[in-house]
Amino acid sequence: MSPDGGGVWAVLAAAGRGERLGDDRPKAFARLGELPLLAEPLRRLDESDWVERIVIAAPPGWEEPCILLAEELGAGKVASVIPGGASRAESVRAALAEVAEDAAVVLVHDAARPLLPEDVIERIIAPLSEGWEAVVPALPIPDTVKRVRGDEVVETLDRESLVAAQTPQAFLAESLRGAMASNSELQAPATDCASLVEARGGRVKVVRGDARLLKVTSPADLELVASWL
Ligand code: CTP
Ligand code: MG
């Protein structure tokens, strides 16, 4: 099931405020269909054959509603619910502290990407037993991408060598712990965890992502994801 027999733990980063969504509650509790958005990725992780235990980084003050939601869903794999931090990286760091010492693999997933396909979980875990420290699902970029300074184009990048990274991202537990420990928020703010492993020279593999893993940022994204449910 995992590289050296230890378990696979999932960290669900759900602590963001959802400012761009503009709801009166955190994004994890915005409505998606009949339930809070958080219900969908939580249920899918709980039902995954690969995942043994789950730690949720909740919006501070929303730990209790997260626990109640997990109970309502019968999500028995939830090991703990902790208040998240000021940034995504801080939330993941706090959640990682709750992951068992003997965990072999940690998956880090954004609650804002509710439609998590089981085959993506399989694709990201497999390479960890082939010498990779981290695995990232990603999609090709359809648009032409330009580097800009203010409103001036500096250069046009080679799209063929670029991909758009998604979550869940899979890590050897030891690699993620090391990367998180050596990163301070004073350095460049990390929008994903794999970049911290890359920064230390770790081998990060990219595998095919999935369009359904769209990240809910704006109200239009929420409508689109709801229409795919
Ligand atoms: N996240 C987190 N802790 C934070 C900030 C973000 O756990 N302090 C999580 C979010 O809950 C989300 C994921 O990281 O699942 C990606 O972040 P993003 O899409 O930016 O969500 P928000 O930060 O909530 O949205 P916004 O930036 O619009 O406020
Ligand atoms: Mg954010």
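All values below were derived from every heavy atom in this structure, side-chain atoms included, with hydrogens, water molecules and symmetry-related copies excluded. Model, not experiment: these values are computed from the prediction. Counting starts at 1 for both ligands and their atoms, in listed order.
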- prompt: What's the spacing between Glu40 CD and Leu42 CG if we round to 0.5 Å?
  reply: 10.0 Å
- prompt: For atom 20 (O) of ligand 1, which candidate among Glu19, Arg20, Arg88, His109 holds the nearest heavy atom?
  reply: Arg20
query: Just distances here: any N/O of Gly16 and N/O of ligand 1 closer than 3.5 Å?
result: yes
query: So which heavy atom in the protein is nearest atom 7 (O) of ligand 1, and how far is it from that ligand atom?
result: Ala15 N, 3.0 Å
- request: Nearest 0.5 Å please: distance from the CD atom of Glu118 over to the CD1 atom of Ile121.
  value: 5.0 Å
message: So does Gln169 get a backbone contact from the side chain of Thr167, meaning a donor-acceptor N/O pair under 3.5 Å?
response: no
query: Considering Ala28, Gly85, Gly84, Pro41, which one's heavy-atom position lies nearest to atom 8 (N) of ligand 1?
result: Gly85
Ligand 1 contacted by Ala57 (non-hydrogen, < 4.0 Å): no
- prompt: What's the shortest distance from atom 15 (O) of ligand 1 to any protein heavy atom, and which residue and atom give it?
  reply: Ala13 O, 2.8 Å
message: Give me the nearest non-hydrogen protein atom to atom 13 (C) of ligand 1 as residue plus atom name, then the distance to 0.1 Å.
response: Asp110 OD1, 3.3 Å
- request: Output yes when a side-chain donor or acceptor of Lys77 lies under 3.5 Å from a complementary backbone atom of Asp46, and no otherwise.
  value: yes
- prompt: Are any of the side-chain heavy atoms of Glu122 and Trp50 separated by less than 4.5 Å?
  reply: yes
- prompt: For atom 17 (O) of ligand 1, what is the nearest protein heavy atom, given as residue, atom name and distance?
  reply: Lys215 NZ, 4.2 Å
query: Any N/O of Val216 closer than 3.5 Å to an N/O of ligand 1?
result: no
message: Could you measure the distance from the CG atom of Leu196 to the OG atom of Ser175? Nearest 0.5 Å is fine.
response: 12.0 Å
message: For Ala86, which part has a heavy atom under 4.0 Å from ligand 1: side chain, backbone, both, or neither?
response: backbone
- prompt: Nearest to atom 22 (P) of ligand 1, what protein heavy atom do you find, and at what distance?
  reply: Gly18 N, 3.7 Å
query: So which bit of Ser91 gets within less than 4.0 Å of ligand 1, heavy atoms only: side chain, backbone, both or neither?
result: side chain
- line: Per side chain to side chain contact (heavy atoms under 4.5 Å, CB included), Pro168 is matched among Leu12, Val51, Leu45, Leu116 by Leu116
- line: Here the atoms of ligand 1 under 4.0 Å from any heavy atom belonging to Arg17 are 24 (O)
message: Which residue is it: Val207, Val8, Val120? I am looking for the one with a side chain to side chain contact (heavy atoms under 4.5 Å, CB included) to Ile125.
response: Val8
field: Beyond-backbone contact of Leu176 with Cys193, side-chain heavy atoms, under 4.5 angstrom
entry: yes
task: Could you check atom 21 (O) of ligand 1 against the protein and tell me its nearest heavy-atom contact, residue, atom and distance included?
output: Lys27 NZ, 3.1 Å
